[in-house]
Number of protein chains: 2
Amino acid sequence: MASTSPIRVAEVLRDEILNGALVPGERLRQEDIAARLGASRQPVRDALRLLEGDGLVTLVANSGAWVSKLSERECDEAYLVRERLEPLLLSQSLPNLNSEQVARLAELVGEIESSGDIETFLRLDREFHLLCYAGAQPGMLSEFVERIWNTTQHYRRAFAKLSDPATSEITHMEHHLILDAITRRDSVQAERALEGHIRRTRVTLAEHKELFS
Amino acid sequence: MASTSPIRVAEVLRDEILNGALVPGERLRQEDIAARLGASRQPVRDALRLLEGDGLVTLVANSGAWVSKLSERECDEAYLVRERLEPLLLSQSLPNLNSEQVARLAELVGEIESSGDIETFLRLDREFHLLCYAGAQPGMLSEFVERIWNTTQHYRRAFAKLSDPATSEITHMEHHLILDAITRRDSVQAERALEGHIRRTRVTLAEHKELFS
DNA sequence: ATTGCGGTAATTGGATACATTGTTTATCCT
DNA sequence: AGGATAAACAATGTATCCAATTACCGCAAT
């Protein structure tokens with residue numbers, strides 16, 4: 001079954017939002033997108049509604065569409081929610097993670113540590129965290145978590161750009177601790193390590209108000 | 001600023017889904033809705049996308065739209081997420097709840113206890129819980145919570161229909177305990193009482209697999 | 001120089017017609 | 001009678017056009 005135009009258009013726009021080609025606050029004109037992606041305006045409108053549902057686009061009736069921005073408060077809230085939901089998702093995933101997945105997680109921890117540029121770090125970091133959750137059944141919980149990852153992507157990129165080496169070192173240690181608990185199948189410890197990692201990131205992020213100008 | 005057709009159509013459909021006029025699994029034909037609500041098909045499609053974003057409608061490309069169903073597992077997951085998120089939301093709300101709101105909560109606890117029919121109970125119960133959160137800033141967290149309340153509405157109705165008096169008595173006591181902690185502005189206790197209430201509901205719900213036939 | 005108002009242009013909203021896809025029904029063959 | 005295939009039908013997807021709304025620009029008044 002081929003996917004319909006709105007879904008394809010939404011995927012292109014979502015990728016562009018996540019990779020930084022489209023930035024928060026940027027205007028999205030239906031006609032521009034339609035011309036660029038070779039569709040008519042109707043499917044583009046449909047696609048924008050899909051992305052609105054994902055929190056990535058803000059539609060204003062009779063005015064237009066914009067890539068969504070997050071205020072500092074909203075970003076802090078996103079991290080508070082992550083602290084609550086991701087350990088739960090990890091606990092659901094852990095019993096079902098197979099040995100290949102755990103081996104890949106170990107590789108990722110190493111690769112993240114030696115990653116040289118921001119984009120590689122972001123990609124690997126995302127892969128690590130989402131792979132931790134891969135053993136869980138798809139559903140509302142994983143949708144919420146993915147939604148938060150997507151809506152905070154821009155701010156994680158900006159944050160990574162100004163992180164100092166000491167903070168990066170802490171991040172790497174935290175990843176090791178999460179991995180260790182996963183490897184030992186210690187769900188309680190894995191949840192605690194993950195919650196602490198997210199909380200420490202939130203607190204560190206709160207020291208950089210200039211990200212939200 | 002008058003709201004546009006898709007938003008109005010979505011509101012009507014959302015109300016019908018929440019009040020039980022439309023039930024999970026029911027087919028939603030674009031032409032039927034368009035004729036019934038006096039719009040053309042385009043705004044109806046838009047509205048269905050909006051409701052899809054809310055989790056209330058399931059769209060299948062080239063096939064159609066249905067009121068979403070929840071499996072037993074999904075419903076359990078929704079309650080697990082509630083256990084994590086609603087105490088957080090309550091903690092954000094509590095400092096800002098004013099005395100009128102707290103007085104209304106006290107009224108509601110009484111009204112819920114003396115409610116005679118299922119629909120009144122559902123309405124008041126919902127009002128109680130959402131009013132507990134009214135002091136929090138709108139954002140992702142409150143959107144997630146509202147989304148869960150809406151997607152589980154049908155199952156809460158079905159559950160309320162077969163609840164025995166002993167379970168109802170426990171529910172009323174739990175409401176009292178939540179109210180007491182709120183009245184005293186004891187955030188830690190309020191969160192605990194709420195988490196326990198939700199968890200006990202989840203566990204009780206899990207004993208009724210027939211709800212998910 | 002600033003503010004307010006009116007008109008116009010740009011863009012979005014919605015209706016309608018045609019295209020496409022999936023399901024159902026009818027027909028043919030074994 | 002049962003299965004396979006083709007045609008018809010129903011519903012969704014998309015293109016196009018007209019309607020409606022908002023934002024912007026220019027001009028006049030203070």
Side-chain angles (χ1 to χ4, degrees), chain A residues 1-17 21-69 71 138 143 151 213, chain B residues 1-17 21-69 138 143 151:
Chain A
M1 186 188 74
S3 65
T4 57
S5 278
I7 288 162
R8 276 187 275 108
V9 170
E11 274 169 5
V12 170
L13 292 177
R14 185 183 293 111
D15 283 350
E16 290 182 351
I17 291 169
L22 290 173
V23 299
E26 189 160 349
R27 180 75 195 275
L28 302 169
R29 283 186 67 250
Q30 295 174 9
E31 286 276 13
D32 285 350
I33 296 162
R36 177 152 73 89
L37 301 186
S40 71
R41 247 189 340 108
Q42 270 321 131
V44 171
R45 294 167 62 173
D46 229 6
L48 291 174
R49 282 279 186 223
L50 278 169
L51 293 170
E52 181 188 35
D54 289 346
L56 290 175
V57 164
T58 301
L59 294 191
V60 179
N62 290 308
S63 300
W66 287 264
V67 179
S68 297
K69 296 164 93 165
S71 68
E143 277 166 34
T151 55
S213 58
Chain B
M1 188 190 71
S3 64
T4 56
S5 275
I7 287 163
R8 276 186 274 109
V9 170
E11 275 169 5
V12 171
L13 292 178
R14 185 182 294 110
D15 283 349
E16 290 183 350
I17 291 168
L22 291 173
V23 298
E26 189 159 348
R27 181 75 194 276
L28 302 169
R29 282 185 69 249
Q30 295 175 12
E31 287 276 13
D32 285 349
I33 294 163
R36 177 152 73 92
L37 301 185
S40 70
R41 252 197 324 114
Q42 268 323 130
V44 170
R45 294 170 61 88
D46 231 6
L48 292 174
R49 283 281 186 221
L50 277 169
L51 293 170
E52 182 188 32
D54 289 345
L56 291 174
V57 164
T58 301
L59 294 190
V60 180
N62 289 309
S63 300
W66 286 266
V67 179
S68 297
K69 294 164 95 165
E143 278 167 33
T151 54

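Note on naming: letters A, B, ... go to the chains in the order of the sequence lines (proteins, then strands), and numbering restarts at 1 for each one.
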Does B/Glu16 come within less than 4.0 Å of B/Arg36, counting only side-chain N to carboxylate O? yes

Electrostatic pair B/Glu52:B/Arg49 at N-O distance under 4.0 angstrom | yes

A/Leu59 and A/Val57, any side-chain heavy atoms less than 4.5 Å apart: yes

A/Arg49 atom CZ is separated from C/dG14 atom C1', nearest whole Å, by 12 Å

The reported gap from CG in B/Asp46 to OG1 in B/Thr4 (rounded to nearest 0.5 angstrom) is 7.5 Å

Rounded to the nearest 0.5 angstrom, the CD1-CD distance for A/Ile17 and A/Glu26 is 9.0 Å

Are there any protein N/O atoms within less than 3.5 Å of an N/O atom in nucleotides 8-12 of chain C, and if so, which ones and at what distance?
residue : atom : partner : partner atom : Å
C/dT11  : OP1  : A/Arg29 : NE           : 2.8
C/dT11  : OP2  : A/Arg29 : NH2          : 2.8
C/dT11  : O5'  : A/Arg29 : NE           : 3.2
C/dT11  : O5'  : A/Arg29 : NH2          : 3.3
C/dT11  : O3'  : A/Arg27 : NH2          : 3.2
C/dT12  : OP1  : A/Arg27 : NH2          : 3.3

In whole angstroms, the gap separating C1' of C/dG13 from CD of A/Glu52 amounts to 15 Å

| query | Taking OP1 and OP2 of C/dT16, is either one under 4.0 Å from a side-chain nitrogen or oxygen of B/Ser40? | reply | no

Taken to the nearest whole Å, CG/A/Leu37 to P/D/dG13 is 19 Å

To the nearest angstrom, the CD1-C1' distance between A/Ile7 and D/dG13 comes to 11 Å

When you measure from the side chain of A/Thr151 to the backbone of A/Gly55, do you find a donor-acceptor pair of N or O atoms at a distance under 3.5 Å?
no

In whole angstroms, the gap separating P of C/dA15 from CG of B/Asp46 amounts to 11 Å

